[in-house]
Q: 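To start, I am sharing the structure in question, which I have written as structure tokens.
Predicted, not measured: the structure shown is a model, and the values here were computed from it. So that the names make sense, note that chain A is the first sequence line, chain B the second, and so on, each numbered from 1. Hydrogens, waters and symmetry mates play no part in the numbers below; they use all other heavy atoms, side chains included.
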Amino acid sequence: QSALTQPPSASGSPGQSVTISCTGTSGDIGGYNFVSWYQQHPGKVPKLMIYEVSKRPSGVPDRFSASKSGNTASLTVSGLQADDEADYYCTSYAGNNGYVLFGGGTKLTVL
Amino acid sequence: EVQLLESGGDLLQPGGSLRLSCAASGFTFSTYAMTWVRQAPGKGLEWVSAITPGGSTYYPDSVKGRFTISRDNSKNTLYLQMNSLRAEDTAVYYCTKSIGYCSGGNCNWGQGTLVTVSS
């Protein structure tokens, strides 16, 4: 039941791209294509940005993209904007290994 | 429109008990897995319980034996019974729908309810 591993912080200048990683195991990320990414601004409810590894809900800009390789998932934010500054969390279905696991969160700073 | 409305948050002393409720609407409640997720002040997200449509339940070690998730499909309501509460259980508790799979992007969060455990 260990949490997924994310870097605590990431940063980039406006217009640049930044990638946030999320590492798990074969029992969660590596075993299922049910990785999601959430964006959370202070005091707000988490907002779904990516589901099923790489799919975007309607209304999420295509500047947000994601992928998975083995036990590691990644979220890339391109063309950074000031409003992208937030905490980002990955999640993965984990079945009998813990049902759903969260990453510890990455604070994205737009310089 | 999917709505998840939590209630029951309160201020209580260590060792106390509390039951949270989540009233669900806008979807066929009985057919979805439901999960409680919490967020301590200034901290990250942590799942604290899950229940499948068939009634199977899951808990992390941090709450196993103290928390019990249940559902009443006739009332479209999810519950979280919390016993032997500790200061570290202080958090906003979110009711969530189907966040394990989030199949088709069909997953949702409530607005949360605050539980404070303090003497």
Q: Are B:Y79 and B:I51 joined in one hydrophobic group, where the rule is that I, L, V, M, F, W and Y side chains link up if heavy atoms are under 4.5 Å apart?
A: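 Unlinked, B:Y79 and B:I51 end up in two clusters.
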Q: Please tell me whether B:L11 and B:M82 are part of a single hydrophobic cluster in this structure, the criterion being side-chain heavy atoms less than 4.5 Å apart.
A: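 Result: no, two separate clusters.
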Q: For each of B:S56, B:G44, B:G112, B:G110, tally heavy-atom pairs with chain A at distances under 4.5 Å, and name the one with the top tally.
A: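 Option with the top pair count is B:G44.
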Q: Considering residues, nucleotides and ligands other than B:Q111, do more than 12 of their heavy atoms fall under 6.0 Å from its CD?
A: no
Q: Which residues in residues 97-107 of chain B have any heavy atom lying under 4.5 Å from a heavy atom of chain A?
A: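 So the qualifying residues are B:I99, B:G100, B:Y101, B:C102, B:S103, B:G104, B:G105, B:C107.
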Q: Can you measure from CG (A:D87) to CG (B:L45) and round to the nearest 0.5 angstrom?
A: 8.5 Å
Q: Hydrophobic clustering (ILVMFWY, side-chain heavy atoms < 4.5 Å, transitive) - are A:Y93 and B:W109 grouped together?
A: yes
Q: Does any N or O in the side chain of B:W47 come within less than 3.5 Å of the main-chain N or O of A:L101, such that one atom is a donor and the other an acceptor?
A: no
Q: Any side-chain heavy atom of B:Y59 sitting closer than 4.5 Å to one from A:Y99?
A: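 A side-chain contact under 4.5 Å is absent here.
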Q: Do B:Y94 and B:L114 sit in one hydrophobic cluster, given that two such residues count as connected whenever their side-chain heavy atoms are within less than 4.5 Å of each other, even indirectly?
A: yes
Q: Rounded to the nearest 0.5 Å, how far apart are CZ of A:F102 and CZ of B:R38?
A: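 One gets 12.0 Å once the value is rounded to the nearest 0.5 Å.
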Q: Counting only non-hydrogen atoms closer than 4.5 Å, can you tell me which residues of residues 43-60 of chain A sit against chain B?
A: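 Residues A:K44, A:V45, A:P46, A:L48, A:Y51, A:E52 are the ones that qualify, each having a heavy atom under 4.5 Å from chain B.
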Q: Go through the atoms of B:V37 and report whether side chain, backbone, both or neither lie under 4.5 Å from a heavy atom of chain A.
A: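 Looking at B:V37, just its side chain touches chain A.
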